[in-house]
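This report concerns only the one structure given below.
Quick note: numbers below take in every heavy atom, side chains included, and nothing from hydrogens, waters or symmetry partners. Sequence positions, counted from 1, serve as the residue numbers for this chain.
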Amino acid sequence: MMRKPDRTAWWEQLPAGIRDQIDGYVLQDAMLAAIRVVVDVGLVRDDVGVGTAQLIVGDRYAHYGDRIARAPHSPLDLESLAYRAGGAAGRIVAIEAIWDGDTVHDWFVRLLAITAEPAEEHVLATLYASTAKRYLGEDEDGSPRLPAAIAAERAGSGLAAHLSVPFHFASPDTPDDEAPRWQPTTLREPGL
């Protein structure tokens, strides 16, 4: 991996048009598109891989700071979540939180409404670390759990209680995108 001074020198040797293109993506908070351009131009001459490209784009994010047009956070207040859930086709039978992750956001949680007839899942909110921290504010409980898990559990269980359905989060303490998913319970009459 390139050290910061080497990344700065590499950046400065790029043609102005390519720097403008990368910075344009950064200013639009299109990190993956910016990384793609860095990889594409870096492979041509300098063997810049994805890891170094992420660092170079990260340097540009640090350079622009608050001037970046960030994507809006998902609303996590009960009224907004209930309104979004109300738009789901079918009867809501559960609210579920599941882990997901990528190279840009690390681990995050998706809050879902699970419906029957039709059996589907509807994304109500995506809780990145920044979304969770904004929602929790100073109210983080100091636990070693990731803020996205704490916020998902709080918002999801509140919505589930409001809708009188179960809340399911199979792995609230440890990110696990292969944790068991919610399954409806089947009540059987004795002797059937």
Side-chain angles (χ1 to χ4, degrees), residues 25-26 28-36 50 54 57 61 68-192:
Y25 284 129
V26 168
Q28 294 173 17
D29 198 21
M31 183 180 279
L32 292 178
I35 290 170
R36 175 65 184 209
V50 174
Q54 287 177 307
V57 170
Y61 267 76
I68 297 169
R70 302 284 183 176
H73 295 277
S74 292
L76 297 177
D77 62 283
L78 180 60
E79 183 180 12
S80 296
L81 290 173
Y83 191 84
R84 294 210 48 180
R91 180 178 52 87
I92 295 176
V93 294
I95 300 298
E96 183 173 32
I98 62 169
W99 286 105
D100 201 349
D102 60 34
T103 57
V104 174
H105 300 101
D106 198 16
W107 286 106
F108 54 92
V109 178
R110 293 192 192 281
L111 198 59
L112 309 171
I114 308 297
T115 60
E117 301 162 15
E120 294 179 345
E121 56 186 49
H122 306 271
V123 177
L124 301 176
T126 302
L127 289 86
Y128 301 112
S130 58
T131 308
K133 288 176 183 173
R134 176 171 287 172
Y135 172 71
L136 295 170
E138 299 297 321
D139 197 28
E140 288 189 57
D141 64 5
S143 81
R145 295 170 55 208
L146 293 176
I150 297 166
E153 196 167 54
R154 191 174 296 171
S157 62
L159 177 60
H162 176 76
L163 299 174
S164 300
V165 297
F167 174 68
H168 181 259
F169 193 178
S171 183
D173 298 328
T174 306
D176 182 358
D177 57 358
E178 295 180 10
R181 297 290 306 273
W182 182 82
Q183 296 294 318
T185 57
T186 305
L187 298 176
R188 294 180 178 243
E189 300 269 340
L192 291 179

How far apart are the closest heavy atoms of [X] and [Y], and which atoms are they?
X	Y	answer
A125	P75	CB-O, 4.2 Å
F108	D106	CD2-O, 3.5 Å
E96	P180	OE2-O, 4.4 Å
G90	P118	CA-CD, 3.9 Å

Can you tell me how far [atom2] of [Y] sits from [atom1] of [X], rounded to the nearest 0.5 angstrom?
X	Y	atom1	atom2	value
E120	T115	CD	OG1	5.0 Å
E153	F169	CD	CZ	7.0 Å
Y25	R36	OH	CZ	10.5 Å
T131	L136	OG1	CG	10.5 Å
L76	L127	CG	CG	4.5 Å
Y83	L78	OH	CG	15.0 Å

With the threshold set at 4.0 Å, does a side-chain nitrogen-carboxylate oxygen contact exist between E121 and R110?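 Answer for the salt bridge query: no.
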Among residues two or more places apart or on two chains, list those pairs meeting side chain to side chain donor-acceptor pair (under 3.5 Å) that have a residue in residues 156-166.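 Checked against side chain to side chain donor-acceptor pair (under 3.5 Å) - neighbours excluded - no pair reaches residues 156-166.
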In the structure I gave you, are the side-chain heavy atoms of H168 and I114 within less than 4.5 Å of one another anywhere?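 Side chain of H168 against side chain of I114, heavy atoms only: no contact under 4.5 Å found.
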Taking the side chain as every heavy atom from C-beta outward, state whether L111 and F167 have any atom pair closer than 4.5 Å.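 Answer yes - side chains close enough.
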Do D29 and Y61 pass the side chain to side chain contact (heavy atoms under 4.5 Å, CB included) test, and can you show the C-alpha distance, the side-chain angles, and the key distance before you say yes or no? CA-CA 9 Å; D29 198 21; Y61 267 76; 2.9 Å; yes
Could you label the plane-to-plane angle of the W107 and W99 rings as parallel, tilted or perpendicular, counting under 30° as parallel and over 60° as perpendicular?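 It falls in the perpendicular class, over 60°.
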Might you confirm whether atom CZ of R134 has over 12 heavy atoms from other residues, nucleotides or ligands at distances under 6.0 Å?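 Not buried by this count: 12 neighbours or fewer within 6.0 Å.
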With sequence neighbours left out, write down each residue that passes side-chain contact (heavy atoms from CB on, under 4.5 Å) with D173, or none if nothing qualifies.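 Expected list: R145.
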With sequence neighbours excluded, tell me which residues meet side-chain contact (heavy atoms from CB on, under 4.5 Å) with L163.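 With sequence neighbours excluded, L163 shows a side-chain contact (heavy atoms from CB on, under 4.5 Å) to A85, I92, I95, L159, V165, given in chain and number order.
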